[in-house]
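Please read these numbers as outputs of a predicted model, since none were measured by experiment. Chain naming here is simple, since letters A, B, ... match the order of the sequence lines and numbering starts at 1 in each.
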There are 2 protein chains.
Amino acid sequence: MPAVPAAHQRPAPDGGVRRRRAGRPSSAVLDKAGITSAALELVSRKGYDGLTMAALAKLLEVAPSALYNHVSSKQDVLLLVEDHLMSLVDVSSFGAAPWDDAVRTWAWSYRNVFAEHTPLIPVIAVLPVTDAPQTLAMYETVSKGFLDAGFPQERIISAIVALESFIFGSAYDVTAPEDIFDPGTMAESTPYFTAAVRGAAGTALRAADAAFMLGLDALIDGLGSLRREAD
Amino acid sequence: MPAVPAAHQRPAPDGGVRRRRAGRPSSAVLDKAGITSAALELVSRKGYDGLTMAALAKLLEVAPSALYNHVSSKQDVLLLVEDHLMSLVDVSSFGAAPWDDAVRTWAWSYRNVFAEHTPLIPVIAVLPVTDAPQTLAMYETVSKGFLDAGFPQERIISAIVALESFIFGSAYDVTAPEDIFDPGTMAESTPYFTAAVRGAAGTALRAADAAFMLGLDALIDGLGSLRREAD
DNA sequence: CCACTAAATGAATGGCATTCATTTATTAGA
DNA sequence: TCTAATAAATGAATGCCATTCATTTAGTGG
């Protein structure tokens, strides 16, 4: 990642109206780091619907086709964003707190980061870690945490994948409307479900948070029993 | 759902080339059931990238704009497909087998159905159940199963949501390439992760299946402890 | 000095969901 | 029974989107 500041970070000399003339500029306007941070800015301002190659180019004060000198597709941009977000996931508790506390901290942080970025989840799920250094770094720290906590080598990946699956699914829940389970006019024909929905209503936590806490505790308990020794 | 057979199910009288003349036909060509089954056929043949309004219209031997007399958007089509798929999820074990066996059967079936339809997961996660009768029916059966197994009313929704989150996340795993965790050239800098990946390699199950089994057992154990009485 | 490569512009391209005016047929109401 | 409203089709736009390509200009290595 070169130290060149991204174009959108310095003030446009003329209000962003004048065009660059064709041909290679003396100093490069674009680089991957700049594209990544512009994409993140766009997403936080307009959401993932607003993240188009055209909008990205405009923010970077560049023609859309110029982006393709640095990334090979929009999927590539999403990949850059995804890997950046992984560096925001808190793994600091591994090695500093007991295994179950560390997992809890990591999982909540991971869920909260991706709850704001659910359109990336399909990307992550299929992304080879080779192409994503930050992602790989996270897995390294977490793997070490599991090994040090006494997990048998051959179960570590499965355990992490199981937790991640739960985390990704739970990230979607956060974005769901609060009344998603309201049976509406069908209430009479679904008495058990309706009663369950009514029964859950009085809780202090948001529904998504209650479910995440419940499931995470169950997973930590169940997976923790695989350990050979305490930490 | 009218009993009118979908157009693509009867042989085209002329090889599918001749066009209908403009104006309302004597008997309706389209209905929601026909659109749903054509969408499913398209998905199974060409995947979700092949599911476009134009392709759907072509399969139904209709102009694309005709679809909008029956659905209000493509999202609406996805919703129809999603609700249909929910009727394929096996809930038959609830009431017929012990709670934990029933949950296991349901969860595997649910995961397997949506592993083939991951693009629908973002749709489901935000879909109000009111608009999806099959989905509602599934929740009703599962809720009753949990209540009868001794679950406290106010925890049932959270428990189901936790399981579903895990199921949706796990459905993505199934679609991931087998070597997604290969650290490649970064292997030296990530010794713990690399060792964990190597250690998991010898398993008989596919990686996604091993993780699903492990996580599901942990969840069933942990959630099962909430029950007041055995079944 | 020259060939090559890198990085920009700007003009296509083709696909996409969706809308609208129009046509025709059925249906409900006076 | 006529008539107005509604339902269901066509076909022609519309605007957005990612992506490609020819072209231009500027550095870089031999």
Side-chain angles (χ1 to χ4, degrees), chain A residues 2 4-8 12-13 16-35 38-39 42-43 46-81 119 123, chain B residues 2 4-8 12-13 16-35 38-39 42-43 46-81 119 123:
Chain A
V4 182
H8 72 284
V17 183
R18 182 146 63 250
R19 297 170 213 274
R20 210 182 336 269
R21 82 177 185 288
R24 179 179 182 174
S26 307
S27 82
V29 177
L30 295 178
D31 60 57
K32 291 196 184 200
I35 291 173
L42 209 46
V43 165
K46 318 257 186 159
Y48 276 86
D49 284 351
L51 178 56
T52 66
M53 296 303 269
L56 193 51
K58 189 175 182 191
L59 185 58
L60 289 162
E61 295 176 339
V62 123
S65 54
L67 294 168
Y68 290 86
N69 289 320
H70 301 266
V71 296
S72 64
S73 64
K74 182 177 178 178
Q75 177 80 5
D76 219 354
V77 174
L78 295 179
L79 203 139
L80 291 172
V81 172
V123 175
Chain B
V4 181
H8 72 283
V17 182
R18 182 146 62 252
R19 298 168 211 277
R20 211 183 331 272
R21 82 177 184 291
R24 178 180 182 170
S26 306
S27 82
V29 177
L30 296 177
D31 60 56
K32 290 195 185 200
I35 292 173
L42 208 46
V43 165
K46 318 258 184 154
Y48 277 87
D49 283 352
L51 178 56
T52 67
M53 297 301 272
L56 194 52
K58 190 176 183 188
L59 184 57
L60 289 162
E61 295 175 339
V62 121
S65 53
L67 295 167
Y68 290 87
N69 288 319
H70 301 267
V71 297
S72 64
S73 63
K74 181 177 180 178
Q75 177 80 6
D76 219 355
V77 174
L78 295 178
L79 205 139
L80 291 172
V81 172
V123 175

Among the nucleotides C/dT9, D/dT19, C/dC16, whichever has the atom closest to the side chain of A/Met53 is D/dT19
Nearest 0.5 Å, what's the OG1-NZ distance between A/Thr52 and A/Lys74?
6.5 Å
Rounded to the nearest angstrom, tell me the gap between atom CG in A/Asn69 and atom C1' in D/dC21.
12 Å
Using a cut-off of 4.0 Å on non-hydrogen atoms, how would the nucleic acid contact of A/Ser65 be classed: base, sugar-phosphate, or nothing?
base
Atom pair distance, as rounded to whole Å: CD1 in A/Ile35 and C1' in C/dA7
11 Å
If you compare every side-chain N and O of B/His70 against the phosphate oxygens of D/dA7 (OP1, OP2), does one of them come in below 4.0 Å?
no
Rounding to an integer number of Å, can you tell me how far B/Lys58 NZ sits from C/dC16 C1'?
16 Å
Using a cut-off of strictly less than 4.0 Å, decide whether A/Arg20 has a side-chain nitrogen or oxygen near OP1 or OP2 of C/dT9.
yes
Starting from P on C/dC16, measure out to CG on B/Leu51 and report it in whole angstrom.
11 Å
Quick one: A/Leu60 CG to C/dA7 P, roughly how many Å, whole number?
15 Å
Here the distance between atom P of D/dT23 and atom OH of A/Tyr68, to the nearest Å, is 21 Å
Surrounding NZ of B/Lys58 (heavy atoms of other residues, nucleotides or ligands, distance under 6.0 Å), is the total greater than 12?
no
When the distance from CG of B/Asp31 to C1' of D/dA7 is rounded to whole Å, what number comes out?
14 Å
CG-CG distance between B/Asp31 and B/Asn69, expressed to the nearest 0.5 angstrom
12.5 Å
If you measure from NZ on B/Lys32 to CG on B/Asp76, what distance do you get to the nearest 0.5 Å?
6.0 Å
From the list D/dA18, C/dA8, C/dA17, which nucleotide is the closest neighbour of the side chain of A/Leu30?
C/dA8
To the nearest angstrom, the CG-P distance between A/Leu56 and D/dC16 comes to 18 Å
